[in-house]
Amino acid sequence: MTDARSVFGGGVLAVTGGGSGVGEGLARYGASLDMKVAIADIDIEAARAVADDLVASGTDAIAVHTDVRDAGSVDAFFATVYDTLGPVTLAINNAGVEQFGYLWEVPAEDWQRVLDINVTGVFNGVRSVVPRMAEAGIPAHIWNLSSIGGIGAAPRQAPYIVSKHSTLALTECLKLEVEAAGYDITVAAVLPGPVVSRIFERAGGDSEAGALEREAMFKVGESAMPALEAAERIFAQAADGAFYLSTHPEMTGYLMNGRAEQLRAQSAPQLPVEA
């Protein structure tokens, strides 16, 4: 097993949605590896609270108000990180939201909100940071947050499930594309199971079916894994070179059905890297 510090230590971590939940756990664990940390969040007070705590413990950390739905806002975040902390060596596109209820009851604006944050937000992060990483010319990593829901199905969570399937597909394509382009960028898909966060509290869905699912998810949350423990597992798998990073391998393993082998078998002609 490769030590995560030897792979990530001393680098610069930029994480969206880092003010709480999985994102906060990843930010804090990255700091424990002596990484500089940049936290993007639409809830700037939450982001500042985490960043201030990290600074107090000796970490070089900043918080930046960011709306991942807005490409310009994401560009501004990464520009600030590069100007303030230096080249990003680990970018984590984590920001995400939930939505409960039967699909036909979901308001159109709520459907769009989930896709805008969970999918377009990841795309905005990718399109902003990949060129910067390529230009910096140092080994770098990108992790995109899918979910155990991205490899399965569940009732009364369709917008979220669809978004996480989409994010997983985006990430698999990105892996093949950076390899084809010849960039020294390692891509990984994060597949969290139940991890302590506020995502269920903030989820949309006020219908009877939505309320039923919310109650069920709160019960799941009672036995959820602490975010820092989840982050430790994610970093350890990434340090060993895994593409699918699971907080609960016992839950995700049987759903993968050789997906990793299929991805490794694919390739695309590599374009010459410009000098």
Side-chain angles (χ1 to χ4, degrees), residues 4-5 7-9 11 13-59 61-64 66 68 90-98 117-118 121-122 125 141-150 157 160 163-164 167-168 171 188-203 214 217-239 242 244-252:
R5 184 182 298 275
V7 177
F8 300 103
L13 164 62
V15 55
T16 65
S20 63
V22 177
E24 179 182 353
L26 291 166
R28 290 185 180 279
Y29 194 78
S32 77
L33 301 177
D34 296 325
M35 300 187 79
K36 299 176 182 178
V37 178
I39 300 170
D41 208 300
I42 199 165
D43 184 348
I44 188 58
E45 295 305 319
R48 283 176 180 155
V50 177
D52 289 349
D53 193 37
L54 294 179
V55 169
S57 65
T59 297
I62 60 172
V64 181
T66 308
V68 297
L90 173 57
I92 307 177
N93 294 301
N94 161 78
V97 294
E98 251 279 20
I117 295 173
N118 293 7
V122 174
H141 300 254
I142 298 174
W143 301 350
N144 295 333
L145 268 286
S146 179
S147 164
I148 189 172
Q157 296 186 57
Y160 178 80
S163 74
K164 292 304 183 178
T167 299
L168 182 55
T171 308
V190 184
L191 305 171
V195 176
V196 174
S197 76
R198 295 201 293 264
I199 192 170
F200 299 144
E201 297 172 18
R202 298 173 172 176
R214 191 189 309 274
M217 289 299 100
F218 280 151
K219 290 181 180 178
V220 170
E222 291 174 0
S223 59
M225 179 181 293
L228 200 60
E229 180 182 346
E232 182 177 10
R233 292 189 177 196
I234 291 165
F235 268 94
Q237 292 168 61
Y244 300 104
L245 312 178
S246 173
T247 61
H248 296 70
E250 70 283 1
M251 296 175 66
T252 58

Side-chain donor or acceptor of [X] paired with backbone N/O of [Y] under 3.5 Å:
X      : Y      : answer
Arg233 : Leu245 : no
Thr16  : Asn94  : yes
Glu24  : Ala227 : no
Asn93  : Leu145 : no
Ser146 : Leu191 : no

Where [X] and [Y] come nearest, the two heavy atoms and their spacing:
X      : Y      : value
Ala188 : Ala242 : CB-O, 4.1 Å
Gly150 : Leu168 : O-CD2, 3.6 Å
Asn118 : Lys164 : ND2-CE, 4.1 Å
Leu33  : Phe235 : CD1-CD2, 3.7 Å
Ala231 : Gly25  : CB-O, 3.3 Å
Glu98  : Tyr160 : OE1-CB, 3.4 Å

Can you tell me how far apart OG1 (Thr66) and CD1 (Ile42) are? Round to the nearest 0.5 Å.
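Here the interatomic distance stands at 9.0 Å.
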
Do the side chains of Ile234 and Tyr29 get nearer than 4.5 Å, heavy atoms only?
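Answer no - side chains too far apart.
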
With heavy-atom distances below 4.5 Å as the criterion, would you say the side chains of Ile148 and His248 are in contact?
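With C-beta onward as the side chain, the pair stays apart.
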
What donor-acceptor contacts under 3.5 angstrom involve side-chain atoms of residues 47-58, with partners at least two apart or in another chain?
residue	atom	partner	partner atom	Å
Arg48	NH1	Glu45	OE2	3.3
Asp53	OD2	Arg28	NH1	2.7
Asp53	OD2	Arg28	NH2	3.2
Ser57	OG	Leu54	O	2.8

Contacts of Thr171 that satisfy side chain to side chain contact (heavy atoms under 4.5 Å, CB included) - sequence neighbours left out:
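Testing Thr171 for side chain to side chain contact (heavy atoms under 4.5 Å, CB included), a comparison that skips the adjacent residues, returns Asn144, Thr167, Val187, Ala189, Phe243.
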
Please identify each residue that fulfils side chain to side chain contact (heavy atoms under 4.5 Å, CB included) with Ala239, with sequence neighbours left out.
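Partners of Ala239 by the side chain to side chain contact (heavy atoms under 4.5 Å, CB included) criterion, ordered by chain and then number, come out as Thr2, Ala4, Val7, Phe8.
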
